[in-house]
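Down below is the structure, laid out as structure tokens.
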Amino acid sequence: MSQLRQGIGMTSARTRDRLVRRLMEQGIRSEAVLSQIRNVPRHLFVDEALASRAYEDTALPIGLGQTISQPFIVARMTEALLAGFEGQSVLEIGTGCGYQTAVLSPLVKKIYTVERIPELLKKTRQRLRELDIYNVQFRPGDGWEGWRKYGPYDGIIVTAAAETMPQKLLQQLAPGGRLVIPIGPPGEQDLAMVVNHPDQFEQISLGPVRFVPLVHGK
Ligand code: SAH
């Protein structure tokens, strides 16, 4: 606890403000999202050797072949998810280091998060606890399956790219709910937002992105 607490003051407010300004210039409007980008200590989600780069707007490696998402993309996905959000629960697929989880956590009531690499999940669970984040429930498993037990969800956010639309996630979306998900093969991924209307799923494209793949099976 004390080590993390000290770490929060480690990078200057000026560096964080610069990141927030950059995201505003790129079109992020939500005050709630911008203030989370300013407040969440991103340097505590990466290796110490990379901490000095934590407030650059880039993805960084977090080990085990995975990455921490670029702040702009985290902000964009969070903003898209919350724009239509009237509800309680969010399902997140691809917990990774938990940065997206931490940004989202005070903005929704409850987050259910699924990650396929147990070692990563273990570290992340501890990290979020040390940051006093308690409204998150964790599950090691295959995100293609979702997490039926606690569904349907008002929002679903996927932080790895699926080659095709995961049908089980659509089935776990509440009426009026939104799914934000990168779709497509490497090099041709598009960030998609799906809205669950009474008579159809509406799919909107939010532009090109680059994510690690949503792996099939364990
Ligand atoms: N959300 C993270 C980024 C995670 S990177 C952040 O905020 O920075 C994508 C994560 O998805 C990786 O941790 C990877 O292990 C996980 N992943 C890939 N395929 C998966 C699957 N089928 N089910 C669950 N998690 C998966």
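Keep in mind that this is a model prediction, so the values were computed, not measured. Whatever order the structure lists them in is the order used to number ligands and atoms, beginning at 1.
At most 12 non-hydrogen atoms from other residues, nucleotides or ligands lie less than 6.0 angstrom from CD of Glu86.
Near Ile117, meaning under 4.0 Å from one of its heavy atoms, ligand 1 places the atoms 15 (O). Numbered from 1 in the order shown, with element, the atoms of ligand 1 that lie under 4.0 Å from a heavy atom of Trp144 read 22 (N). Taking every heavy atom of Gly141 and a limit of under 4.0 angstrom, the matching atoms of ligand 1 come to 23 (N), 24 (C). Close contacts of ligand 1 with Leu120, meaning ligand atoms under 4.0 Å from a residue heavy atom, involve 13 (O). Ligand 1 places these atoms under 4.0 Å from at least one heavy atom of Ile68: 8 (O). The Val212 neighbourhood of ligand 1 comprises atoms 5 (S), 9 (C), with distances under 4.0 Å to a heavy atom of that residue. Of all atoms in ligand 1, numbered sequentially from 1 with element shown, those under 4.0 Å from a heavy atom of Pro213 are 18 (C), 19 (N). Using a 4.0 Å cut-off to heavy atoms of Tyr99, the atoms of ligand 1 that qualify are 7 (O).
The shortest contact between atom 22 (N) of ligand 1 and any protein heavy atom is with Val215 O, 2.6 Å. Here the protein heavy atom with the shortest distance to atom 11 (O) of ligand 1 is Gly94 CA, 3.3 Å. At the top of the distance list for atom 5 (S) of ligand 1, counting protein heavy atoms only, stands Thr67 O, 3.4 Å. Looking only at protein heavy atoms, the nearest one to atom 16 (C) of ligand 1 is Glu115 OE1, 3.4 Å. Looking only at heavy atoms of the protein, atom 25 (N) of ligand 1 is closest to Arg116 N, 3.3 Å. For atom 23 (N) of ligand 1, the closest heavy atom belonging to the protein is Gly143 N, 2.7 Å. Atom 12 (C) of ligand 1 has as its closest protein heavy atom Gln66 OE1, 3.2 Å. Closest protein heavy atom to atom 9 (C) of ligand 1: Thr159 O, 3.3 Å.
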Under 3.5 Å donor-acceptor pairs involving side-chain atoms of residues 17-26, not counting sequence neighbours:
| from | atom 1 | to | atom 2 | distance (Å) |
| --- | --- | --- | --- | --- |
| Asp17 | OD1 | Arg38 | NE | 2.8 |
| Arg22 | NE | Asp57 | OD2 | 3.4 |

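Relative orientation of the Tyr112 and Trp147 rings is perpendicular, given thresholds of 30° and 60° on the angle between their planes.
Here the closest non-hydrogen pair linking Thr95 and Leu121 is OG1-CD1, 3.7 Å. Nearest heavy atom pair, residue Leu60 against residue Ala54, reads CD1-CA, 4.2 Å. Between Gln203 and Ala192 the shortest heavy-atom distance is NE2-CB, 3.7 Å. Listed here is the closest heavy atom pair of Pro166 and Ile181: CD-CD1, 3.5 Å. Closest approach of Tyr55 and Val40 over heavy atoms only: OH-O, 4.0 Å. Contact record, Gly184 with Ala161: O-CB, 4.2 Å, taken as the closest heavy-atom pair.
With a heavy-atom cut-off of 4.0 Å, Ile62 does not touch ligand 1 at all.
Distances shorter than 4.0 angstrom do not occur between any heavy atom of Gly65 and any atom of ligand 1. Residue contact annotation: Ala102 has no non-hydrogen atom under 4.0 Å from ligand 1. Using a 4.0 Å heavy-atom cutoff, Thr95 is listed among the residues neighbouring ligand 1.
Geometrically, ligand 1 and Ser69 share a nitrogen or oxygen pair separated by less than 3.5 Å. For ligand 1, the polar-atom distance check finds no N/O of Ala160 at less than 3.5 Å from any of the ligand's N/O atoms. The distance criterion of under 3.5 Å between nitrogen or oxygen atoms is met by Gln100 with respect to ligand 1.
Side-chain contact between Leu81 and Leu107: absent, with no pair of heavy atoms (C-beta onward) separated by less than 4.5 Å.
Rounding to the nearest 0.5 Å gives a distance of 11.5 Å between CD of Gln88 and NZ of Lys110. Atoms CH2 and CZ, from Trp144 and Arg116 in turn, are 12.5 Å apart once rounded to the nearest 0.5 Å. Taking CD1 of Ile183 as the reference point, atom CG of Leu191 lies at 9.5 Å (rounded to 0.5 Å).
For the residue pair Glu92 and Thr101, a side-chain donor N or O sits within less than 3.5 Å of a side-chain acceptor on the partner.
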